[in-house]
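Sequence lines set the chain letters: A, B, ... in the order given, protein chains first and strands last, and positions in each chain run from 1.
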Protein chains: 2
Amino acid sequence: MASRTVDPLSSVPVYRQVAAILRDRIESGDLEPDRPLPSETHLVQEYGIARGTARRAIEVLRDEGLVVTVHGRGTYVKPR
Amino acid sequence: MASRTVDPLSSVPVYRQVAAILRDRIESGDLEPDRPLPSETHLVQEYGIARGTARRAIEVLRDEGLVVTVHGRGTYVKPR
DNA sequence: CTATATTTGTGCGTATGTATG
DNA sequence: ACATACATACGCACAAATATA
């Protein structure tokens, strides 16, 4: 079960690759409404990326209205 | 007795400087085996650093096997 | 048993510096 | 010049574990 990974050499920015992975996990139901996304720290460890990159990925989903972030708590999947 | 301080402008990261100070205090016997290190909050006040930086410094020593950390209690010098 | 204080654990907000394509 | 990405480091807030009154 190789989970999807990131290709730092791709022309697609890493933060967009991570955003796409998370988006798929939301739409597939793997990440459920009102449940937290993996934390920035978790994403850093899971994908071997910098925290800023993890933040940018989450920012993409936030701009798309898929998630909401609460300071000090985490980022949550929006209920449909 | 000016205790060692930290230089935020150094090319050596602050958390590594603090780790080096604590390491020396352990090896000199100033911090004794089975005794607690200064708490994160104490390090923050003593060196004028952020808590996250103090935590990273302790993490270095933990990775080196010099100390062990117990949730809710503190970080202790490992017996030799 | 309850309440409080202390300490570590976790999570996000922000800023700066460096390096690369 | 610009976007991307990593590393460092400041901060705030709350949770969990522990110790003590």
Side-chain angles (χ1 to χ4, degrees), chain A residues 4-23 25-26 31-78, chain B residues 4-23 25-26 31-78:
Chain A
R4 291 173 62 186
T5 55
V6 153
D7 175 15
L9 302 182
S10 165
S11 64
V12 179
V14 174
Y15 75 91
R16 290 197 177 278
Q17 296 180 49
V18 175
I21 292 172
L22 294 175
R23 191 185 305 109
R25 289 182 63 183
I26 291 172
L31 295 173
E32 300 175 10
D34 289 319
R35 297 284 300 170
L37 262 65
S39 71
E40 294 174 358
T41 302
H42 188 96
L43 293 175
V44 164
Q45 295 168 345
E46 182 164 8
Y47 297 109
I49 59 179
R51 191 184 156 202
T53 305
R55 286 180 60 78
R56 290 199 66 178
I58 292 174
E59 184 185 20
V60 169
L61 303 182
R62 198 162 47 233
D63 290 347
E64 292 172 354
L66 290 178
V67 301
V68 289
T69 299
V70 184
H71 187 182
R73 299 211 59 101
T75 297
Y76 295 80
V77 181
K78 268 199 192 172
Chain B
R4 290 173 63 186
T5 57
V6 154
D7 174 16
L9 300 182
S10 166
S11 64
V12 179
V14 175
Y15 75 91
R16 290 199 177 279
Q17 296 180 49
V18 174
I21 293 172
L22 293 174
R23 190 185 304 109
R25 289 182 63 184
I26 291 172
L31 294 172
E32 300 176 11
D34 289 319
R35 295 286 300 169
L37 264 63
S39 72
E40 294 170 0
T41 302
H42 188 95
L43 293 175
V44 165
Q45 295 166 344
E46 182 164 6
Y47 296 108
I49 60 179
R51 192 184 155 207
T53 305
R55 287 180 60 78
R56 285 204 71 178
I58 292 174
E59 184 185 18
V60 169
L61 303 182
R62 200 162 44 235
D63 290 346
E64 292 173 353
L66 290 178
V67 301
V68 290
T69 298
V70 184
H71 187 183
R73 276 210 287 177
T75 298
Y76 294 80
V77 181
K78 269 199 192 171

*Indicate, with a heavy-atom threshold strictly under 4.0 Å, whether R51(A) touches base, sugar-phosphate, or nothing.*
base

*Measure from the side-chain heavy atoms of T53(A) and tell me the nearest of dC6(D), dA9(D), dT18(D).*
dC6(D)

*Of the nucleotides dA9(D), dA19(D), dT8(C), which one has an atom closest to the side chain of T75(B)?*
dT8(C)

*When the distance from OH of Y47(B) to P of dT8(D) is rounded to whole Å, what number comes out?*
20 Å

*With side chain to side chain contact (heavy atoms under 4.5 Å, CB included) as the test, would you mind laying out the steps for Y47(B) and T53(B) before giving the verdict?*
CA-CA 10 Å; Y47(B) 296 108; T53(B) 305; over 6 Å; no

*Hey, does G74(A) reach any base, or is it just sugar-phosphate, or nothing, if we go heavy atoms under 4.0 Å?*
sugar-phosphate

_E40(B), nearest nucleotide to its side chain (from dC10(D), dT4(D), dT8(C))_ = dT8(C)

*Check the distance between dT4(D)'s P and E59(A)'s CD and give it to me in whole angstrom.*
11 Å

*May I ask which nucleotide in the shown strands pairs with dA1(D), Watson-Crick or G-U wobble, both distances under 3.5 Å?*
none

*Please round to the nearest 0.5 Å and tell me the distance separating atom CG of L37(A) and atom NE2 of H42(A).*
10.5 Å

*Any side-chain heavy atom of I26(A) sitting closer than 4.5 Å to one from V67(A)?*
yes

*For R56(B) and dC10(D), what is the distance between atoms CZ and P respectively, to the nearest whole Å?*
11 Å

*Among dT18(D), dT8(D), dT8(C), which nucleotide sits nearest the side chain of S39(B)?*
dT8(C)

*asked:* Reading DNA chain D from 5' onward, which residue's closest nucleotide shows up sooner: Y15(A) or R16(B)?
replied: Y15(A)

*Measure the distance from CD on Q17(B) to C1' on dA9(D) and round it to the nearest whole Å.*
12 Å

*Rounded to the nearest angstrom, tell me the gap between atom NE2 in H71(B) and atom P in dT18(D).*
8 Å

*Under 4.0 Å between any heavy atoms, over every strand shown, what does R55(A) touch: base, sugar-phosphate, or nothing? Just pick one.*
base

_Distance in angstrom units between L9(B) CG and dA9(D) C1', rounded_ = 13 Å

*Determine the sole option in V60(A), I58(A), I49(A), T5(A) for which the side chain to side chain contact (heavy atoms under 4.5 Å, CB included) test with V18(A) is passed.*
I49(A)

_Sole candidate of V77(A), L22(A), T75(A), T69(A) that passes side chain to side chain contact (heavy atoms under 4.5 Å, CB included) when paired with L61(A)_ = L22(A)

*Would you mind reading off the distance between I49(A) atom CD1 and dA19(C) atom C1', rounded to a whole angstrom?*
18 Å

